[in-house]
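Working notes, structure below.
The model shown is predicted, which means the values in this text are computed figures rather than measured ones. Basis for what follows: all heavy atoms, side chains included, without hydrogens, waters or symmetry-related copies. Sequential numbering from 1 along the given sequence is applied to the chain's residues.
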Amino acid sequence: MTTKADFTEDEWETMRKGVTGAGMLVSIGDRDFTDTFGEVGALAKRLSEERKEGRSELMRELAAGRPSGFGLTASPEEVETQTLEAVRSATATLAAKAPDEVGAYRQLVLDVAESVADAKGGVKPGETDAIDKIKEALGPA
């Protein structure tokens with residue numbers, strides 16, 4: 001069974017940044033301040049569900065703790081670039097160290113992104129674009 005102990009601190013933070021960054025990237029895909037609170041709530045709810053019901057111990061561990069990655073002053077460009085880099089790097093790390101966890105990680109990242117997109121009034125075009133970029137960074141299923 002793969003756990004957090006099998007990864008370096010940098011690898012772990014990169015994997016977490018990919019998860020939380022996916023939610024942030026979708027949120028800024030359709031910027032509306034009134035939607036932000038609902039989207040943050042959807043992100044937190046999805047991570048809470050993963051902690052309780054995740055398919056693997058590793059994904060439950062990734063969903064636990066504080067969200068990582070970005071501060072309030074991060075530009076949309078920074079969020080996009082750093083999220084997509086984190087997703088690519090995390091997927092490569094998992095493929096090398098825990099190939100059986102790649103599918104679960106991919107699903108968690110997409111679930112977070114889709115939960116945020118669905119949070120306030122349905123998925124908007126900018127959110128769909130963000131999800132498409134995330135899917136591309138994750139690679140084929």
Side-chain angles (χ1 to χ4, degrees), residues 1-33 35-141:
M1 173 174 60
T2 307
T3 66
K4 180 180 178 179
D6 296 308
F7 300 93
T8 67
E9 192 61 35
D10 285 343
E11 290 169 336
W12 189 254
E13 286 306 309
T14 297
M15 288 189 291
R16 295 198 65 221
K17 188 173 192 175
V19 172
T20 57
M24 290 187 65
L25 181 57
V26 170
S27 181
I28 63 172
D30 183 62
R31 298 185 84 172
D32 181 340
F33 184 73
D35 289 350
T36 301
F37 297 106
E39 291 168 343
V40 169
L43 172 62
K45 180 180 178 187
R46 180 63 195 97
L47 292 177
S48 176
E49 290 168 352
E50 189 69 26
R51 283 190 299 271
K52 294 174 188 167
E53 303 165 7
R55 296 189 293 175
S56 76
E57 176 66 26
L58 186 64
M59 294 307 115
R60 288 189 298 273
E61 285 182 288
L62 274 173
R66 63 169 177 75
S68 69
F70 306 97
L72 294 174
T73 60
S75 72
E77 295 79 20
E78 287 175 293
V79 172
E80 180 175 336
T81 300
Q82 291 178 26
T83 295
L84 298 178
E85 286 175 6
V87 167
R88 284 186 205 96
S89 180
T91 303
T93 297
L94 285 166
K97 289 189 167 188
D100 55 323
E101 296 286 354
V102 173
Y105 182 79
R106 186 179 201 284
Q107 192 60 56
L108 175 58
V109 170
L110 289 175
D111 285 352
V112 165
E114 291 168 357
S115 293
V116 170
D118 287 335
K120 298 296 280 184
V123 181
K124 297 174 181 70
E127 294 167 333
T128 299
D129 291 343
I131 292 170
D132 289 344
K133 290 175 184 178
I134 293 165
K135 285 179 180 176
E136 184 179 322
L138 285 165

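- The two residues Val109 and Ala22 come nearest to each other via the heavy atoms CG1-CB, 3.7 Å.
- Between Gly18 and Thr83, the closest heavy-atom pair is O-CG2, 4.4 Å.
- Salt-bridge formation is detected for the pair Glu50/Arg46: a Lys NZ or Arg NE/NH1/NH2 atom is positioned less than 4.0 Å from an Asp or Glu carboxylate oxygen.
- Residues Leu84 and Glu80 form a side-chain contact, since some pair of their non-hydrogen atoms from C-beta on lies under 4.5 Å apart.
- Looking only at distances, no side-chain donor or acceptor of Arg88 sits under 3.5 Å from a matching main-chain atom of Glu136.
- When side chains are defined from C-beta on, Val26 counts as touching Ile134, because their heavy atoms get closer than 4.5 Å.
- In this structure, Met1 CE and Asp100 CG are separated by 11.5 Å, a value rounded to the nearest 0.5 Å.
- Under a cut-off of 6.0 angstrom, the local environment of CD in Glu49 is crowded, with over 12 non-hydrogen atoms contributed by other residues, nucleotides or ligands.
- The CG atom of Asp118 sits 10.5 Å away from atom CG of Asp111, with the distance rounded to the nearest 0.5 Å.
- Atom NZ of Lys45 has 12 or fewer heavy atoms from other residues, nucleotides or ligands within 6.0 Å.
- Looking at Arg51, its side chain does come within 3.5 Å of a backbone N or O of Ala63 through a donor-acceptor pair.
- The one candidate from Glu101, Arg60, Met59 that meets the side chain to side chain contact (heavy atoms under 4.5 Å, CB included) condition with Leu108 is Met59.
- Side-chain atoms of Thr91 come within 3.5 Å of backbone atoms of Val87 as a donor-acceptor pair (strictly under, hydrogens ignored).
- Panel note: side chain Ser27, backbone Gly23; no donor-acceptor pair is recorded below 3.5 Å.
- A donor-acceptor pair under 3.5 Å is formed between the side chain of Glu61 and the backbone N or O of Lys4.
- To the nearest 0.5 Å, the span separating CD on Glu11 from OG1 on Thr93 amounts to 4.5 Å.
- Pairing each heavy atom of Gly21 with each of Val79, the nearest pair is O-CG1, 4.5 Å.
- Panel note: side chain Arg106, backbone Gly139; a donor-acceptor pair is recorded below 3.5 Å.
- Interatomic distance, Thr2 OG1 to Leu94 CG, rounded to the nearest 0.5 Å: 8.5 Å.
- With values rounded to the nearest 0.5 angstrom, Glu127 atom CD is found 12.0 Å from Asp132 atom CG.
- Judged by distance alone, the side chain of Thr20 and the main-chain N or O of Arg16 form a donor-acceptor pair under 3.5 Å.
- Annotation: the span from Thr3 atom OG1 to Trp12 atom CH2 amounts to 7.5 Å, rounded to 0.5 Å.
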